[in-house]
Amino acid sequence: MTLNRRTFNALFGATAAGLAMPSIAKGAGNSTVVVIGGGAGGATAARYIAKDAKGAINVVLIEPKTHFTTCFFSNLYLGGLRSFESITHSYEKLAQEYGIRVVHAYATGVDRDKKQVRIDAGDPIPYDRLVISPGIDFNYDTTPGYNAADMDLAPSAWHGGEQTKLLKAKLDALEDGQNILMVTPPNPYRCPPGPYERVSMMAHVLKSKGFSKSRIVVLDPKPKFSKQGLFQAGWEQYYPGMVEWLGPDVHGGIGNIDAQAGIVETDFDDFAGDLLNVIPGQMAGKIAQLAGLTNESGFCEIDPTSMRSAVDQNIFVIGDSSIAGDMPKSGFSANSQAKVCAMHVRADLLDSKRFPAKYRNTCWSLIAVDDGVKVGASYGATDEKIGKTSSFISQAGEDAETRAATYRASVDWYAAITADMFG
Amino acid sequence: MMNRSAACIVGSLVAAAFMNQSLATLSFANGELLGGEILNIAGDVDYGAYLAGECVVCHRAGSEIPTLYNYDKTYFVDAMVRFQQGLRKNTTMRDIALQLGDEEIAALATYFERAAE
Ligand SMILES: Cc1cc2nc3c(=O)[nH]c(=O)nc-3n(C[C@H](O)[C@H](O)[C@H](O)COP(=O)(O)OP(=O)(O)OC[C@H]3O[C@@H](n4cnc5c(N)ncnc54)[C@H](O)[C@@H]3O)c2cc1C
């Protein structure tokens with residue numbers, strides 16, 4: 001049995017934080033939680049476990065990057081409404097204020113029998129509980145002819161940071177009459193409304209520069225998409241004639257993608273773009289596959305009551321890598337799942353209370369400056385999955401003040417969630 | 001860009017509407033404070049702390065969304081009941097409030113009244 005606070009108290013009769021408690025609580029006898037990935041899921045889980053365990057659990061966060069640039073609000077950065085710095089965050093507070101050991105390394109494998117994580121720079125790190133939140137990797141089978149080597153020519157910008165910067169540089173370099181060609185991903189992928197918010201923000205940039213001849217063509221493998229009515233009404237209203245969205249009933253299927261030439265073949269015709277933005281299909285972050293936690297879908301099955309992996313009791317999978325039932329893959333969802341996971345990790349190791357899992361998501365999207373829309377839902381655990389219990393969505397034809405208030409609320413959310421992740 | 005001063009005025013009005021003192025005025029204007037029976041429930045602080053995770057991901061002294069830390073319990077309960085009854089209209093908050101039972105509102109109210117950021 002692991003020595004936890006309750007057994008410690010029982011053994012030594014220390015009810016309040018006794019004289020010996022602080023030095024022992026920080027010592028080698030503590031259980032260790034290792035978190036892989038310092039993004040929306042991982043940073044939140046690490047912070048909540050450390051904050052609520054108050055020193056009684058050692059928390060190690062493995063993340064190669066020293067600074068994390070969020071994908072959320074990266075479209076606003078493309079649109080010129082946010083600076084790169086304002087969407088980039090440091091791990092310093094997690095280390096200094098929460099006592100989390102932040103290891104800047106890449107996890108290369110998980111030895112589940114020995115309960116150790118192998119990293120590319122240093123000794124394996126042992127764990128009592130492991131939380132995995134590595135986000136997504138790409139499945140290039142969905143984009144014939146296009147692979148990782150083409151990311152410089154035709155950025156996906158579906159991972160935050162350098163890719164986002166590159167896409168913005170290419171967007172800002174366009175001249176009137178040059179066109180944007182976008183290939184959006186099949187389901188499931190991170191941030192269902194994300195590609196269409198991106199279309200809106202790119203259109204905003206072209207319009208602000210007074211361009212009248214440039215077009216944005218979207219080749220979509222899906223027959224419909226998130227908040228479609230709201231987006232298409234917005235494109236008509238703000239960017240008339242600029243955006244052309246083509247579903248599979250028009251293009252008939254996406255064929256070879258030539259990033260060098262900027263040409264995408266479809267069953268219907270060949271399309272050319274001066275700026276090519278290709279977002280491939282997605283699967284769980286590679287480490288989840290290496291750890292043997294994924295199923296045939298490429299994502300990880302979890303227990304909907306706790307986010308515990310269906311294949312290993314000592315491991316939790318949260319965020320984009322998990323199969324979270326009705327929840328979309330979003331930063332908000334990952335943050336919400338992290339809190340359910342953190343509660344169960346603490347209960348496992350410290351016998352703290354368990355409560356029924358409650359999950360929540362809201363996705364905001366900006367269609368034009370001061371015109372924000374939102375879709376959101378609550379979720380709970382059913383016998384089979386995380387199921388939706390209620391939902392809401394912005395309505396067509398809302399007045400300007402409602403839309404502006406929705407945008408302001410999204411700005412508040414961004415400040416709050418990043419503080420919730422990074423302290 | 002957003003008109004900053006206009007946004008600030010609207011923002012602070014909305015924020016003020018959530019703050020304890022101004023809320024008192026607001027509530028009197030709308031009639032009595034609601035949810036008295038919920039105030040009689042002893043809120044479970046640990047449960048409140050867990051549930052609060054869902055709130056603080058948005059609520060943090062912003063221009064549109066106020067902080068809930070050190071929030072007066074009476075006004076917290078009143079606000080949640082008003083969202084449930086459709087007397088207050090924010091679609092997000094109405095959806096969230098309708099998911100909460102009396103025990104949960106009591107737990108949250110008890111937690112936030114005591115918790116500092
Ligand atoms: C353009 C765009 C817009 C978006 N807008 C929104 C929005 O408005 N609202 C919203 O809620 N969501 C939004 N999202 C979605 C959101 O970014 C993701 O759903 C969220 O980040 C998922 O969290 P995660 O923890 O699963 O992964 P991530 O946040 O991607 O974090 C994963 C981390 O794991 C690290 N990692 C990966 N592998 C390893 C390894 N082997 N070892 C160590 N570390 C590793 C990575 O470096 C990364 O830091 C958007 C996404 C995009 C692309």
Below 4.5 Å, heavy-atom pairs only: which of [options] has the largest tally toward chain B?
| options | value |
| --- | --- |
| S394(A), G376(A), A405(A) | A405(A) |
| M343(A), R360(A), K353(A) | R360(A) |
| W413(A), F392(A), F355(A) | F355(A) |

Just wondering, do [Y] and [X] contact through their side chains at under 4.5 Å, heavy atoms?
| X | Y | value |
| --- | --- | --- |
| T91(B) | Q395(A) | no |
| L100(B) | K358(A) | yes |
| S378(A) | D95(B) | yes |

At a 4.5 Å cut-off on heavy atoms, which part of [X] comes close to chain B: side chain, backbone, both, or neither?
| X | value |
| --- | --- |
| S391(A) | backbone |
| D412(A) | both |
| S390(A) | both |
| A342(A) | neither |
| Y414(A) | neither |

More than 12 non-hydrogen atoms from neighbouring residues, nucleotides or ligands closer than 6.0 Å to [atom1] on [X], yes or no?
| X | atom1 | result |
| --- | --- | --- |
| R114(B) | CZ | no |
| K209(A) | NZ | yes |
| E97(A) | CD | yes |

Under the rule for side-chain contact (heavy atoms from CB on, under 4.5 Å), what residues qualify as partners of P192(A), not counting sequence neighbours?
Y189(A), S226(A), P328(A)

With chain A as the partner chain, list the residues of residues 35-48 of chain B whose heavy atoms fall under 4.5 Å from it, by residue number, and write 'none' if nothing qualifies.
D44(B), D46(B), Y47(B)

So which atom in A419(A) and which in R60(B) form the shortest heavy-atom distance, rounded to 0.1 Å?
CB-NE, 3.3 Å

Tightest non-hydrogen contact, residues W364(A) and C58(B), listed as CH2-SG, 3.8 Å

Can you tell me how far apart OH (Y379(A)) and CD (Q99(B)) are? Round to the nearest 0.5 Å.
11.0 Å

What's the spacing between T362(A) OG1 and E54(B) CD if we round to 0.5 Å?
8.5 Å

Contact class of I96(B) relative to chain A, heavy atoms under 4.5 angstrom
both

